[in-house]
Amino acid sequence: MKEYIYLIVAQTGTTPAKFFKFFTKKPYNHVSLSGDINLSEMYSFCRTYCYLPLPATFNKEVVGEGTLGKFCNIPCEIYSIPVTHEQKETYYRIIQHFSDNRKIYSYNLLGLLAVYFNIEWKRKTSFVCSQFVAYTMEQTGIKLEKPFCLYKPDDFRNFPGAQLIYSGELNSFYYNTNSSLNMPCS
């Protein structure tokens, strides 16, 4: 049986996301990882509290809650990346490490500028969402085309080996995949 890791690129609708969309001219400005197709667990570097852009750090994202519960229309694309059983186990160990050590990590606010000006700047305990995703993939054994610190959310839309499995609205995908749940947005 094949195993996968899932990439979720999205446009959340927050004020910073709208600013980044205006600045980058890209449709999506956030990226998360999930180990399951149901997206019951999604992880990224993002705001800790729904209504405040900072503090931000490693967080578990839940569709319908927090920032992802604030908006009924979250455009997204979901990609699957095939991995070996060993890579999938490594992925879960990395996620567990970030979860266990969450307090030592922070959002790479200064690195955000470096990423968008294509300046390579690796920091051990600070990431933006795309750096976290690329770093996790690299540590999992998935080959990157450039240093993890230079990845932008839009780069994952053309990631080698990634297969687009959904393009549309995140809440619709989540609640259709988890049919026992009722979608709060109609």
Side-chain angles (χ1 to χ4, degrees), residues 1-12 17 26-47 56-68 74-102 105 107-108 111 115 122 124-179 181:
M1 184 166 115
K2 281 191 172 183
E3 297 192 43
Y4 299 92
I5 292 173
Y6 299 92
L7 291 167
I8 304 93
V9 290
Q11 180 63 27
T12 60
K26 302 294 182 189
Y28 306 106
N29 291 289
H30 183 64
V31 62
S32 307
L33 282 172
S34 182
D36 73 275
I37 187 64
N38 295 331
L39 308 183
S40 63
E41 41 87 21
M42 292 170 42
Y43 299 95
S44 192
F45 267 66
C46 54
R47 61 179 62 201
T57 188
F58 172 80
N59 283 297
K60 179 177 181 179
E61 298 177 297
V62 178
V63 177
E65 295 180 18
T67 302
L68 297 181
I74 303 172
C76 75
E77 291 178 354
I78 301 171
Y79 296 84
S80 63
I81 297 179
V83 294
T84 65
H85 180 71
E86 292 77 22
Q87 287 174 312
K88 188 75 171 254
E89 287 180 344
T90 300
Y91 163 80
Y92 282 119
R93 279 195 301 276
I94 293 166
I95 295 300
Q96 190 62 53
H97 164 80
F98 276 97
S99 185
D100 290 347
N101 297 285
R102 186 174 175 272
Y105 289 100
Y107 192 80
N108 193 1
V115 169
K122 295 178 184 174
K124 287 186 176 197
T125 59
S126 293
F127 297 87
V128 297
C129 62
S130 54
Q131 291 171 332
F132 162 73
V133 168
Y135 174 84
T136 301
M137 292 172 69
E138 181 178 68
Q139 295 301 305
T140 300
I142 298 168
K143 186 170 174 17
L144 301 180
E145 295 184 315
K146 59 185 173 182
F148 75 83
C149 61
L150 294 177
Y151 273 81
K152 301 174 182 109
D154 198 65
D155 293 335
F156 295 101
R157 298 178 70 209
N158 298 302
F159 195 83
Q163 176 75 38
L164 178 66
I165 60 170
Y166 178 78
S167 181
E169 202 282 313
L170 181 62
N171 289 291
S172 295
F173 177 85
Y174 180 76
Y175 289 103
N176 285 333
T177 304
N178 299 283
S179 58
L181 302 173

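In this structure, the side chains of V63 and Y175 come closer than 4.5 Å at one or more pairs of heavy atoms. Two residues are said to be in side-chain contact when any heavy atoms from C-beta on lie closer than 4.5 Å; L144 and F159 meet this criterion. A 4.5 Å side-chain heavy-atom check between C129 and P153 finds at least one atom pair inside the cut-off. Contact annotation: the side chain of S34 approaches that of M42 to within less than 4.5 Å [non-hydrogen atoms, C-beta and beyond]. Between S44 and N59 the shortest side-chain heavy-atom distance does not fall below 4.5 Å. At least one side-chain heavy atom of T12 sits less than 4.5 Å from a side-chain heavy atom of L68.
Here Y4 pairs with nothing under the ring pair (Phe, Tyr, Trp, His ring centres under 6.0 Å) rule; sequence neighbours left out. Remark: Y6 pairs with no residue by the ring pair (Phe, Tyr, Trp, His ring centres under 6.0 Å) rule, at least two apart or across chains. Y151 is linked by a ring pair (Phe, Tyr, Trp, His ring centres under 6.0 Å) to F156, counting only residues two or more places apart in sequence or in another chain.
Taking the six-membered ring wherever Trp is involved, the centroid distance between the rings of F98 and Y43 does not fall below 6.0 Å. Between F45 and Y107, a ring centre-to-centre spacing not shorter than 6.0 Å is recorded. Taking the centre of each ring, F58 and Y105 stay at or above the 6.0 Å mark.
The structure places CZ of F132 at 9.5 Å from SG of C46, a figure rounded to the nearest 0.5 Å. Taken from CD1 in I78 to CG in L164, the straight-line distance is 9.0 Å, to the nearest 0.5 Å. Here the CG atom belonging to L7 is positioned 11.5 Å from the OG atom belonging to S130, to the nearest 0.5 angstrom. Atom CD1 of I81 sits about 7.0 Å away from atom CD1 of I5, to the nearest 0.5 Å.
Inspection of the D36 and S40 side chains reveals an N or O donor paired with an N or O acceptor under 3.5 Å. There is no side-chain donor-acceptor pair under 3.5 Å between S80 and Q163. No donor-acceptor contact under 3.5 angstrom links the side chains of E89 and Y91, judged on distance only. For S99 and H97, the side-chain atoms include no donor-acceptor pair closer than 3.5 Å.
Looking at D154, its side chain never comes within 3.5 Å of a backbone N or O of P27 through a donor-acceptor pair. Judged by distance alone, with hydrogens and angles left aside, the side-chain atoms of E169 form a donor-acceptor pair with the main-chain N or O of I74 at under 3.5 Å. At distances below 3.5 Å, at least one donor-acceptor pair connects side-chain atoms of Q131 with backbone N or O atoms of V128.
Checked for salt-bridge contact, D155 and K152 miss the test: no charged N lies under 4.0 Å from a carboxylate O. The pair K60-E41 fails the salt-bridge criterion, with no side-chain N (NZ, NE, NH1 or NH2) lying under 4.0 Å from an Asp/Glu carboxylate O.
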query: So I37 and I165, side chain to side chain contact (heavy atoms under 4.5 Å, CB included) or not? Walk me through it.
result: CA-CA 10 Å; I37 187 64; I165 60 170; 3.2 Å; yes
Requested in this report: Could you walk me through whether T140 and Q87 pass the side chain to side chain donor-acceptor pair (under 3.5 Å) test, one step at a time?
Outcome: CA-CA 5 Å; T140 300; Q87 287 174 312; over 6 Å; no
- Message: Please evaluate residues I8 and H30 with respect to the criterion side chain to side chain contact (heavy atoms under 4.5 Å, CB included), reporting the C-alpha separation (whole Å), side-chain torsions for both, the decisive distance (0.1 Å), and the verdict.
- Response: CA-CA 8 Å; I8 304 93; H30 183 64; over 6 Å; no
- request: Determine, stepwise, if the pair E3 / T84 fulfils side chain to side chain contact (heavy atoms under 4.5 Å, CB included).
  value: CA-CA 6 Å; E3 297 192 43; T84 65; over 6 Å; no
- request: Let me see the working for L39 and T177 under side chain to side chain contact (heavy atoms under 4.5 Å, CB included), right down to the final yes or no.
  value: CA-CA 9 Å; L39 308 183; T177 304; over 6 Å; no
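Counting non-hydrogen atoms of neighbouring residues, nucleotides and ligands closer than 6.0 angstrom, the NZ atom of K26 reaches no more than 12 such neighbours.
Taking every heavy atom of both residues into account, F148 and E138 meet most closely at CD2-OE1, 3.7 Å.
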